[in-house]
Structure formats: C-alpha cells, structure tokens
Amino acid sequence: MAELFDERERDRVLRAFFEEGRLKALPVKMKKRLYALDVFARRFDPGREYTEKEVNDLISPVYGDYCTIRRELADFGFMARDRGVYRRLRGDGWLPEL
C-alpha cells in the first residue's frame, strides 16, 4: 500500500536539496529521493500526455540530468511511459511503498 508523506519532513528535505528552484544534488537516501521526484512530478498535469522532449524541457530547468529524472519518474510510478509518450500517474503527496 502506498503512503502519504510527512509535509514537515518533505519541506526540510527540499530546503536542503533545492536552491533557487533548482535541485543541487539528487538525494541518495530513497525517501529523500522520492520527495525530490515528487517535485518533478508536480510539474506535469495529470491526464495530459507529454512527448519525451516536453518532459525533458520541463525537467531541465530544475536539474541538468533530465534523463535520470525522467527514467526515475517512470521507474517509481510517478509517470507512465509508453512508446515515447509520458503521462503523470501520481504525485502531490504520494510515495510508493518502500
């Protein structure tokens, strides 16, 4: 079962890893990493389909390694990927079961 995350903990983590709207470094610890990925997931509208280029364009202003973020958004269930088309599945407080 998926869990909702703790808003205070999320805010603390985001203050540590984001500066002026950019991700300074991708967290190594999984829960912190998921908080960071949630920030990226919120950049996408639920139900809308995005090309890979559109996904890259939304990620790259926040973090230069958009390939890693794009892949992890799909791998952890924040987004679905099918034949180069992406769509947001979850975000806004959702975390996969660890």
Side-chain angles (χ1 to χ4, degrees):
M1 179 179 202
E3 61 180 282
L4 290 177
F5 56 68
D6 180 294
E7 288 292 331
R8 287 190 326 213
E9 180 183 12
R10 175 187 182 269
D11 291 343
R12 182 180 47 78
V13 169
L14 297 184
R15 280 193 307 275
F17 286 92
F18 284 82
E19 186 173 288
E20 297 180 9
R22 290 194 47 85
L23 180 63
K24 297 185 288 186
L26 195 56
V28 174
K29 290 190 176 183
M30 186 56 60
K31 193 164 188 179
K32 292 177 181 182
R33 193 177 198 104
L34 294 172
Y35 289 144
L37 290 172
D38 179 71
V39 169
F40 289 96
R42 292 174 189 233
R43 296 179 65 83
F44 299 91
D45 295 324
R48 179 174 168 215
E49 293 185 342
Y50 295 86
T51 65
E52 189 170 296
K53 181 183 180 335
E54 290 173 313
V55 172
N56 295 346
D57 290 346
L58 284 167
I59 294 171
S60 61
V62 181
Y63 191 63
D65 186 0
Y66 55 83
C67 295
T68 296
I69 300 299
R70 186 184 67 227
R71 182 182 62 249
E72 290 195 356
L73 285 170
D75 289 350
F76 288 108
F78 289 94
M79 296 188 81
R81 172 181 52 209
D82 184 32
R83 298 183 193 129
V85 175
Y86 293 77
R87 67 184 165 78
R88 179 176 146 187
L89 297 175
R90 295 179 174 87
D92 297 343
W94 172 86
L95 287 180
E97 190 173 320
L98 301 174

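Counting heavy atoms from C-beta outward, Leu34 and Asp38 have side chains that stay 4.5 Å or more apart. Taking 4.5 Å as the limit, some side-chain heavy atom of Arg70 sits within range of a side-chain heavy atom of Tyr86. Using a 4.5 Å heavy-atom cutoff, the side chains of Val85 and Glu54 are not in contact. Side-chain contact between Phe76 and Met30: present, with at least one pair of heavy atoms (C-beta onward) separated by less than 4.5 Å. In this structure, Val62 and Arg43 have side chains that are in contact, with non-hydrogen atoms separated by less than 4.5 Å.
Ionic pairing of Asp11 and Arg15 is not present here: no N-O contact between side-chain nitrogen and carboxylate oxygen is shorter than 4.0 angstrom.
By the neighbour-count criterion of 12 heavy atoms within 6.0 Å, atom CZ of Arg48 is densely surrounded, having more than that number from other residues, nucleotides or ligands.
Residues Arg33 and Leu26 share a closest heavy-atom pair of NH2-CD2, 2.8 Å. Contact record, Asp45 with Tyr50: N-OH, 2.7 Å, taken as the closest heavy-atom pair. Taking each heavy atom of Ala25 and Phe17 in turn, the nearest pair found is O-CD2, 3.2 Å. Nearest approach of Leu73 to Phe44, heavy atoms of both residues: CD1-CE1, 4.2 Å. Arg22 and Gly64 make their closest contact through NH2-N, 3.8 Å (heavy atoms, listed as atom of the first residue, atom of the second, distance).
Between the CE atom in Met79 and the CG atom in Leu37 there is a gap of 11.5 Å [rounded to 0.5 Å]. Put simply, NZ on Lys53 and OG on Ser60 are 8.5 Å apart, with the number rounded to the nearest 0.5 Å. Note: Leu23 CG to Tyr63 OH = 5.5 Å, rounded to the nearest 0.5 Å.
In this structure a side-chain-to-backbone donor-acceptor pair under 3.5 Å is missing from Arg88 to Phe78.
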